[in-house]
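Input: a single structure, listed below in structure tokens.
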Amino acid sequence: PSPFPWTYGFEQEFTARKGYDIRDYLVQILIKHRYGGYDIPIHSLDEKVKTASVDYHDVWTSLMAENFFGVIQDWCREHGILSVGHQGGDETLKNLLSWCGTYFKNMYYTDIPGTDVIANQVEPGKFVDFPRFAGSSASVLGKQFAISESFGCFGHSAHLDSMRYVYEHQIVRGLNKFMPQLANYNSRKSFYYCPPDISPLANPIIKHYGELLNKRVEGLCSAMSSGTPLDRICIYLPLRNFYLEDPDITKAVESLAQQLTYNQMEYDYVWEKDLLEMQVRDGRITSRSGRKYTDIVIPPGSRMDAKVIRKLRSFA
């Protein structure tokens with residue numbers, strides 16, 4: 001993990017993809033950075049250096065997606081199984097560029113996109129939308145399942161109604177598979193926590209009512225997977241802004257998402273590749289999987305290259 005990964009041959013790969021030598025700008029990109037934040041905001045840099053920084057992050061995150069998640073997916077398909085999982089740093093829009101790469105690039109090469117509600121991120125009264133990352137990836141690309149690893153650090157005292165809320169919060173955002181976990185904190189067994197005890201006696205509430213909760217979740221997943229909303233919207237995620245650690249773009253996207261959510265309007269997040277693969281059919285914008293959308297919302301201040309702008313104009 002590093003805010004600026006590097007590997008042998010990266011400069012040649014960069015030149016092949018972007019047409020210039022990243023080493024001409026590398027010092028200017030690196031010198032402004034310290035771990036945990038920028039000493040000098042990258043927005044103040046020369047526009048050429050900004051472009052080089054964007055291109056640098058675009059290349060390494062693409063290499064990460066292709067050569068880690070893509071290789072795993074190829075192996076799984078050769079052996080007749082599905083690749084599944086999530087990445088670290090997938091719990092906020094702010095971390096859309098994380099030390100694991102970029103979420104939507106990685107999930108493009110994953111058969112079952114996933115996310116992780118490991119602790120108390122999802123609570124009543126908080127707007128938390130990151131589970132929609134997995135739901136959107138599955139929806140736009142036509143993947144049958146989106147999975148969540150949930151309750152990894154909740155502990156055996158977790159109340160089933162709290163668990164129900166966390167499940168349903170994710171189901172309405174497109175998830176339909178769950179891997180529930182409950183950590184059993186025990187300092188004698190582990191310095192942090194150990195895997196949950198297999199015996200349901202560890203939590204008598206789960207012993208008596210767990211089956212009821214599971215049946216409810218199963219029914220909701222089935223219902224939500226059986227139909228599609230009449231009208232659905234896209235929110236475009238301009239990765240270029242996230243590559244520049246632009247704080248305003250996170251606020252803009254979250255504001256749009258919150259407004260749509262509380263007005264009960266269905267939407268998916270889409271990124272550049274999703275957008276470029278879309279076509280107009282029967283008066284609707286259609287993803288490669290056939291998912292239909294009425295509108296694409298562009299957050300204010302989005303940075304887009306020429307091919308994205310041409311695509312948007314073709315929709316208009």
Side-chain angles (χ1 to χ4, degrees), residues 1 61 64-65 68-70 72-73 76 81-124 126-141 143-160 162-185 190-196 203 206 210 213-214 217-218 220-221 224-225 237 242 250 253-254 257 261 268-269 271:
T61 54
M64 175 75 185
F68 183 75
F69 289 90
I72 292 173
Q73 185 182 53
C76 288
I81 57 178
L82 296 172
S83 65
V84 55
H86 74 90
Q87 66 174 61
D90 62 353
E91 67 278 355
T92 66
L93 268 172
K94 182 180 179 182
N95 292 334
L96 199 57
L97 171 67
S98 79
W99 43 267
C100 287
T102 297
Y103 183 86
F104 289 92
K105 286 186 180 182
N106 293 338
M107 294 302 106
Y108 189 88
Y109 294 98
T110 303
D111 295 318
I112 303 180
T115 190
D116 185 4
V117 179
I118 192 170
N120 61 339
Q121 299 105 316
V122 176
E123 294 179 332
K126 289 169 62 176
F127 179 72
V128 181
D129 207 41
F130 72 86
R132 196 184 301 270
F133 294 171
S136 294
S137 182
S139 175
V140 174
L141 299 175
K143 298 176 179 181
Q144 185 177 4
F145 299 113
I147 194 169
S148 171
E149 175 188 349
S150 297
F151 318 119
C153 290
F154 276 56
H156 283 295
S157 62
H159 194 282
L160 264 72
S162 299
M163 296 173 67
R164 174 200 60 79
Y165 181 86
V166 173
Y167 275 129
E168 292 177 359
H169 183 281
Q170 297 180 83
I171 291 170
V172 298
R173 287 165 172 77
L175 282 85
N176 54 15
K177 283 283 184 184
F178 293 92
M179 182 179 179
Q181 302 184 56
L182 290 167
N184 180 28
Y185 292 86
S190 169
F191 73 96
Y192 182 47
Y193 65 88
C194 67
N203 186 337
I206 292 176
L213 177 64
N214 287 341
V217 170
E218 181 184 13
L220 287 171
C221 287
M224 293 295 286
S225 300
L237 295 175
F242 290 96
T250 303
V253 173
E254 287 185 340
T261 298
D268 285 324
Y269 294 112
W271 66 291

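Note that this is a predicted model, so its numbers are computed, not measured.
Partners of F242 according to the ring pair (Phe, Tyr, Trp, His ring centres under 6.0 Å) rule, which considers only residues two or more places apart in sequence or in another chain, do not exist here. Taking F178 as the reference, Y167 meet the ring pair (Phe, Tyr, Trp, His ring centres under 6.0 Å) condition, with sequence neighbours excluded.
Smallest separation of non-hydrogen atoms from D111 and I81: OD2-O, 4.3 Å. For the pair M224 and V172, the tightest heavy-atom approach, listed with the atom from each and the gap, is CE-CA, 3.9 Å. Taking all atoms of both residues into account, the shortest heavy-atom contact from F154 to F151 is CD1-CA, 3.1 Å. For the residue pair F127 and A257, the shortest heavy atom distance occurs at CZ-C, 3.6 Å. Across G88 and C100, no two heavy atoms sit closer than the pair N-SG, 3.5 Å.
Taken to the nearest 0.5 Å, the OG atom of S137 stands 14.0 Å off from the CZ atom of R132. In this structure, CD1 on I171 lies 6.0 Å from CD on E168, to the nearest 0.5 angstrom. Between the CD atom of E218 and the CG atom of L220 there is a distance of 10.5 Å, given to the nearest 0.5 Å. Taken from OG in S148 to CG in L175, the straight-line distance is 5.5 Å, to the nearest 0.5 Å. To the nearest 0.5 angstrom, Y109 atom OH is 13.5 Å from I72 atom CD1. Separation of atoms CG (N106) and OG (S98) is listed at 7.5 Å; rounding is to 0.5 Å.
Here the side chains of L141 and M107 are not in contact, with every heavy-atom distance at 4.5 Å or above. Contact annotation: the side chain of Q87 approaches that of F69 to within less than 4.5 Å [non-hydrogen atoms, C-beta and beyond]. Side chains of W271 and K105 form a contact here, defined as non-hydrogen atoms less than 4.5 Å apart. Counting heavy atoms from C-beta outward, R164 and L213 have side chains that approach closer than 4.5 Å. For the pair Y103/P113, a side-chain contact is recorded, criterion being any heavy-atom separation below 4.5 Å from C-beta on.
No more than 12 heavy atoms of other residues, nucleotides or ligands lie within 6.0 Å of NZ in K177, so this atom counts as exposed by the packing criterion.
Proximity of a side-chain donor or acceptor of N95 to a complementary backbone N or O of D90 within less than 3.5 Å is not detected. Between the side chain of T110 and the main chain of S83, no donor-acceptor pair closer than 3.5 Å is present.
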Task: Step-by-step side chain to side chain contact (heavy atoms under 4.5 Å, CB included) determination, F145 to V84 - done: CA-CA 10 Å; F145 299 113; V84 55; over 6 Å; no
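A side-chain contact (heavy atoms from CB on, under 4.5 Å) with F130 is found for exactly one of T92, L93, D116, T115, namely T115. Remark: of the listed residues Q181, H169, Q170, Q170 is the sole one forming a side-chain hydrogen bond (donor to acceptor under 3.5 Å, both in side chains) with S150.
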